[in-house]
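What follows is a set of notes on a single structure, which appears directly below.
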Amino acid sequence: MAEPPSAAASGPASAVPPIRPHPVRPPSARLPSIGLPRAVIALAGAVVAVLLAVSPWYGYHRDELYFRMLGERPRLGYFDTPPLTPMIARLSTAVFGDTVVALRIVPALCAGTLVLLAALIARELSPRDLDAGRAAQVLAAAGTAGAVLPLIAGHSLLTLTPDLVLWLAVTLCLLRVLLRGDGRYWLWTGLLAGIASYNRDLIVLLLACAGLGLLVTGPREVLRDRRLWLGALLALAIASPNLVYQVTHDWPQLQMAEALRADEGADNRIAFVPLQILLLGPPQAVVCVAGLLRLWRDRRVRRVRSLALAYPVACALVLLSGGRPDYTGAFLLYLFAAGCVTAAGWRRRTVLVVALAANAVVAVVLALPVVPAASLAGTPVAAINEVARESVGMRDLAAQVGQVVGTLPADERAGAVLLAGNYGEAGALRRWAGDFGLPAVHSGHNELWWWGPPPEGTQVAVSVGYPPGRLRTVFATCSVAGTVTGMPGEEQGVPITVCRDPLRPWRDLWPLARHYS
């Protein structure tokens, strides 16, 4: 695996003459635009099938419960997230049913799409030798299918899930512009970028880094293509409702970014470099290095050197801002696909195949719910995979709150409300309210604060997650009725508190409940 690529992949420039304007292959030799090796299609289908099979093994992730809750109130934007992922949650429950499996059909399909996109990127970067091109495509598909990040994104409905697909699709369009000289793909880039803005505004990171790469490394003539600017206008037109929401609500995404930077920035910077290796896996990381070198050095694809430069620029920006290490996930995926073109020519390619297979086994254990839920706490999987540990016990949390609510006198229970310390708790209480006889839930966390306080005159509140000492400053009496147990995530041990008689009107107390993270 560590053996340098063969001369066919990285030989001297004299052995590989430049090809203009289509450095990859002439139109007569190019594969059909929809044709991929059967092995690639099989791998994509297998990923979808496996993800659907294991989708109910734990339970809802806290973010899924939140998106389900937000989807009940469709809007152009929410304070902490654009509307695309909540709308996917709403459509999934409406079409497939209000179950965890239904919510995970789209993520599974997204993971299968990632496998196909990785193969398509490898094909764009492959030489004229179609056999070598097919080998690169299969390697790219297999390595993507067996990587940690795509499996996590494909198992649960996260903002990461559509992001990876849209970002990789934009990258494929950029490659086709630069390698084929086909400016029509600027319009597709604009369309996809506009749609991506409804998921996370982070699509700007990919576009800005690639644009800077074009200015520095060229080919600058593509910037004079009027279709580039038409694509930019198309992206702006599609994104404009989201931008209007941001402007009219005092740029909530920037406020959230600052809150996350203050809350998690230091930890994100510490974890950044190790996770660049672990997000896909160590074997894939080696191939990513080969991909970076290929994009930068190989004269056959020198027109896409901008994408080689984009990755380190993105890393610098994410580190500077304290962003999450997975923000560079799509960059790693296209670098891996590029590296597979080089790896397809390695003399000891079998070593790489074995390493990718071993990594796939580890990735399945880390990313998917194969460790029994009852044994998850205290395992390396719980320590490494936040999605796994926060997908266990959310229904139990609602059940335990329901037990406390059930102890209230009937007259108090009829007028009580729930106070949730964070959106995950609020989403769980909302999801299983009917199962456990729970009253309406309110929370001061992120978007939910904007949904408003309990009705004036409410005298009894059952809180989960808020510190009892803080509650005693705003209620006449508060007593801890229990603590949440049996959860490997952050809800373990949080107090369930019954409070009576607020000291001030709810409209005055509600600003004190507001918090972002």
Side-chain angles (χ1 to χ4, degrees), residues 1-12 15-16 23-25 31 36-44 47 114-151 168 171-172 175 179 276-302 304-305 307-308 310-311 328-363:
M1 182 169 62
E3 183 175 342
S6 67
S10 63
V16 185
V24 176
R25 58 176 68 86
L31 291 172
L36 284 171
R38 291 181 181 178
V40 170
I41 306 299
L43 283 165
V47 166
L114 279 178
V115 172
L116 299 178
L117 286 171
L120 287 170
I121 288 174
R123 187 180 69 179
E124 287 299 314
L125 295 166
S126 294
R128 294 187 182 90
D129 184 343
L130 297 186
D131 288 336
R134 291 189 184 96
Q137 293 167 55
V138 174
L139 276 177
T144 302
V148 174
L149 186 65
L151 290 179
L168 223 57
T171 303
L172 179 61
L175 285 170
L179 291 175
Q276 296 307 291
I277 298 172
L278 298 177
L279 283 174
L280 300 186
Q284 283 91 334
V286 173
V287 178
C288 284
V289 174
L292 184 67
L293 295 176
R294 179 178 185 81
L295 293 179
W296 186 256
R297 292 179 177 176
D298 194 328
R299 294 188 64 189
R300 285 174 297 192
V301 291
R302 66 184 306 171
V304 293
R305 294 179 81 186
L307 293 178
Y311 173 65
T328 60
F331 293 84
L332 292 172
L333 284 170
Y334 78 66
L335 289 176
F336 172 70
C340 286
V341 180
T342 298
W346 288 351
R347 289 192 296 273
R348 296 183 181 178
R349 193 172 65 199
T350 302
V351 175
L352 174 61
V353 172
V354 171
L356 290 175
N359 185 80
V361 174
V362 175

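All figures in this text were calculated on a predicted structure; none of them were measured in a lab. The chain is numbered in sequence order, starting from 1.
Among all heavy-atom pairs drawn from E124 and L179, the shortest one is O-CD1, 3.4 Å. The heavy-atom pair separating L332 from C288 by the smallest distance is O-SG, 3.3 Å. Nearest heavy atoms, V138 versus L43: O-CD1, 4.1 Å. Of all heavy-atom pairs spanning L356 and G143, the tightest one is CD2-CA, 4.3 Å. For the pair A119 and A141, the tightest heavy-atom approach, listed with the atom from each and the gap, is CB-CB, 4.5 Å. Residues L151 and A145 come closest through the heavy atom pair CD2-O, 3.5 Å.
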- request: In sequence, state the C-alpha distance, the side-chain angles, and the governing distance for V304 and L125, and then conclude on side chain to side chain contact (heavy atoms under 4.5 Å, CB included).
  value: CA-CA 10 Å; V304 293; L125 295 166; 4.2 Å; yes
task: Tell me, with the steps shown, if T171 and F331 meet side chain to side chain contact (heavy atoms under 4.5 Å, CB included).
output: CA-CA 9 Å; T171 303; F331 293 84; over 6 Å; no
task: Evaluate side chain to side chain contact (heavy atoms under 4.5 Å, CB included) for L175 paired with L307, printing each intermediate quantity in order.
output: CA-CA 9 Å; L175 285 170; L307 293 178; 3.7 Å; yes
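Within the 4.5 Å cutoff, the side chain of I41 has heavy atoms near those of the L116 side chain. Contact annotation: the side chain of Y334 never approaches that of L117 to less than 4.5 Å [non-hydrogen atoms, C-beta and beyond]. For the pair L333 and P150, the minimum side-chain heavy-atom distance is below 4.5 Å.
Atom CZ of residue R297 and atom CZ of residue R302 lie 14.0 Å apart, to the nearest 0.5 angstrom. Atoms OG1 and CG, on T144 and L168 in that order, are 7.5 Å from each other to the nearest 0.5 Å. Interatomic distance, L120 CG to Q137 CD, rounded to the nearest 0.5 Å: 7.5 Å.
With sequence neighbours excluded, the residues satisfying side chain to side chain contact (heavy atoms under 4.5 Å, CB included) with R349 are A135, L139, A344. Listed by chain and number, the residues in a side-chain hydrogen bond (donor to acceptor under 3.5 Å, both in side chains) with T328 are Q276 (sequence neighbours excluded).
No donor-acceptor pair closer than 3.5 Å links the side chain of N359 to the backbone N or O of V148. Counting only distance, with no hydrogens or angles, the side chain of Q284 and the backbone of F336 share no donor-acceptor pair below 3.5 Å.
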